[in-house]
Protein chains: 2
Amino acid sequence: MSSLRPDAGASDAGGGEPPAPPYDLIELLFFAYRDFTSDPDTVLSEYGFGRAHHRVLHFVNRNPGMRVTDLLAILKITKQSLGRVLKQLVDEGFVMQEPGPVDRRERLLFATPKGMELARRLTDLQSRRIARALAALPEESAAVARQFLYEMIDVDQRKDVLRLIAGERR
Amino acid sequence: MSSLRPDAGASDAGGGEPPAPPYDLIELLFFAYRDFTSDPDTVLSEYGFGRAHHRVLHFVNRNPGMRVTDLLAILKITKQSLGRVLKQLVDEGFVMQEPGPVDRRERLLFATPKGMELARRLTDLQSRRIARALAALPEESAAVARQFLYEMIDVDQRKDVLRLIAGERR
DNA sequence: AATTTACGTCAGCCATATTGACATATTTCT
DNA sequence: AGAAATATGTCAATATGGCTGACGTAAATT
């Protein structure tokens with residue numbers, strides 16, 4: 001199972017050369033993410049959806065009543081790109097829109113029951129993969145994984161991510 | 001810094017409901033990967049290249065003399081998709097091809113000096129981000145992160161990944 | 001009243017992925 | 001030797017999901 005070196009990208013203590021790049025982590029990130037997204041992709045294609053729909057549905061489902069602008073900031077894509085997939089999700093009854101009660105320019109987004117159901121299905125797949133991974137590792141690994149991934153995020157984005165993960169309500 | 005819960009997706013020890021999905025890890029993976037790829041993307045756009053070129057160049061550089069088929073298996077894309085980006089990389093002198101010495105049908109791939117230079121630049125960016133992340137965490141975190149990411153990979157893909165990461169020579 | 005904000009839309013563009021069919025050279029199998 | 005399998009390349013057509021820039025509208029803010 002683990003000929004993964006316990007440590008390797010080491011020291012360079014007194015000396016000259018720059019440390020060797022952590023190729024293993026670079027590549028593991030690629031492969032892990034590739035497979036992590038592959039389960040949902042399969043299900044999504046049954047619906048004629050792609051990864052973009054997944055992301056939108058996921059965040060809308062997790063943050064009921066979120067605004068379009070919020071979604072744009074999270075996904076870091078343009079209005080137009082979002083527009084297309086969001087429209088599909090709305091047209092096909094996975095997401096609904098509702099004018100903001102206080103600021104009626106806003107369109108608050110909600111997953112419909114149908115949307116929640118699909119979101120759950122996709123989340124289940126990803127949960128299972130994560131659970132399988134963690135089951136193979138010592139207790140504290142989940143916390144370390146969280147910390148590591150968190151530290152990989154752009155410094156100026158971390159606050160937003162924390163708020164999101166905490167399941168902030170507006 | 002860390003209102004990341006040390007543990008949360010817990011137990012369900014005796015009871016009925018399925019465990020709550022690890023939304024935090026699911027979303028952290030998304031954000032970490034999003035930002036992890038954003039640094040290289042910036043540099044690549046200077047060259048008129050995209051993420052696809054990065055992946056090809058990366059693996060060719062790391063595995064000199066690899067075959068086209070190997071690359072297809074790693075990237076899990078089609079010949080045609082690969083063909084385009086590979087051709088560009090070859091035409092612009094970042095990658096060279098050479099017939100296999102034993103089986104002359106094969107075209108073995110190598111990064112040129114120019115290709116190595118670009119690969120190094122891209123790797124540096126990713127290395128720095130990883131180093132920054134690890135610097136903020138306790139010693140053993142790198143090992144745990146490796147293990148976690150490794151366990152996230154499809155079971156039937158792990159052998160191949162291990163071979164790759166180990167820097168296997170054919 | 002003027003400005004800003006939230007959102008949508010139109011037109012066009014580009015990168016990257018797909019499938020299926022077919023061509024060529026080379027190696028391997030019978 | 002001949003047939004089959006393999007490694008690669010290529011063509012045509014198509015889809016997805018990004019982008020930019022411009023413009024429009026409704027509602028809120030100043």
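Proteins get letters first, then strands, A, B, ... in listed order; numbering begins at 1 in each.
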Please classify the nucleic acid contact of B:Arg84 as base, sugar-phosphate, or nothing, using heavy-atom distances under 4.0 Å. base
Checking all strands, does A:Gly83 fall into the base, sugar-phosphate, or nothing category for heavy-atom contacts under 4.0 angstrom?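 Nothing, no heavy atom under 4.0 Å.
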Test of ring centre spacing under 6.0 Å for A:Phe31 and B:Tyr150: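 Centroid separation for A:Phe31 and B:Tyr150: 6.0 Å or greater.
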Starting at the 5' end of DNA chain C, which residue's closest nucleotide do you reach first, B:Gln88 or B:Lys79? B:Gln88
Both B:Ser81 and B:Val102 contact DNA chain C. Taking the nearest nucleotide for each, which residue is further toward the 5' end? B:Ser81
Please figure out whether B:Gln97 or A:Ile77 has its closest DNA chain D nucleotide nearer the 5' end. B:Gln97
To the nearest angstrom, how far is [X] atom [atom1] from [N] atom [atom2]?
| X | N | atom1 | atom2 | answer |
| --- | --- | --- | --- | --- |
| A:Leu82 | C:dA6 | CG | C1' | 13 Å |
| B:Leu72 | D:dT6 | CG | C1' | 13 Å |
| B:Leu71 | C:dT16 | CG | P | 14 Å |
| B:Arg67 | C:dT27 | CZ | P | 13 Å |
| B:Leu108 | D:dT6 | CG | P | 19 Å |
| A:Leu75 | D:dC19 | CG | P | 10 Å |
| A:Lys87 | D:dG17 | NZ | P | 15 Å |

Looking at DNA chain C, which of residues 26-49 of chain A put a heavy atom within less than 4.0 Å of it?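 Those residues: none at all.
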Could you tell me whether the side chain of [X] has a donor or acceptor atom within less than 3.5 Å of a complementary atom in the base of [N]?
| X | N | result |
| --- | --- | --- |
| B:Glu106 | C:dT26 | no |
| B:Arg105 | C:dT27 | no |
| B:Arg107 | C:dA25 | no |
| B:Arg104 | C:dT26 | no |
| B:Gln80 | D:dT10 | yes |

Cluster check B:Val144, B:Ile165: I/L/V/M/F/W/Y, side chain < 4.5 angstrom: no
Look at [X] and [N] and indicate whether a side-chain polar atom (N or O) is within less than 4.0 Å of OP1 or OP2.
| X | N | answer |
| --- | --- | --- |
| B:Thr78 | C:dA17 | no |
| B:His53 | C:dA15 | no |
| A:Arg51 | D:dA15 | no |

Hey, can you tell me if A:Tyr33 and A:Phe36 have their rings parallel, tilted or perpendicular (30° and 60° cut-offs)?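 Rings of A:Tyr33 and A:Phe36: tilted, as their planes differ by 30° to 60°.
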Would you call [X] and [Y] a salt bridge, using N to O less than 4.0 angstrom?
| X | Y | answer |
| --- | --- | --- |
| A:Arg129 | B:Glu151 | no |
| A:Asp154 | A:Arg158 | no |
| A:Asp35 | B:Lys76 | yes |

Could you give the distance from CD (B:Glu140) to CG (B:Leu134), rounded to the nearest 0.5 Å?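 Answer for the CD-CG pair, B:Glu140 versus B:Leu134, is 11.0 Å.
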Salt bridge (Lys or Arg N to Asp or Glu O under 4.0 Å) contacts in which one or both residues fall within residues 90-101 of chain B, not counting sequence neighbours: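 Of all non-adjacent pairs touching residues 90-101 of chain B, those that pass salt bridge (Lys or Arg N to Asp or Glu O under 4.0 Å) are B:Lys87-B:Asp91.
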The side chain of B:Ala52 lies closest to which of these nucleotides: D:dA27, D:dG17, C:dA17?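 Between D:dA27, D:dG17, C:dA17, the one nearest the side chain of B:Ala52 would be C:dA17.
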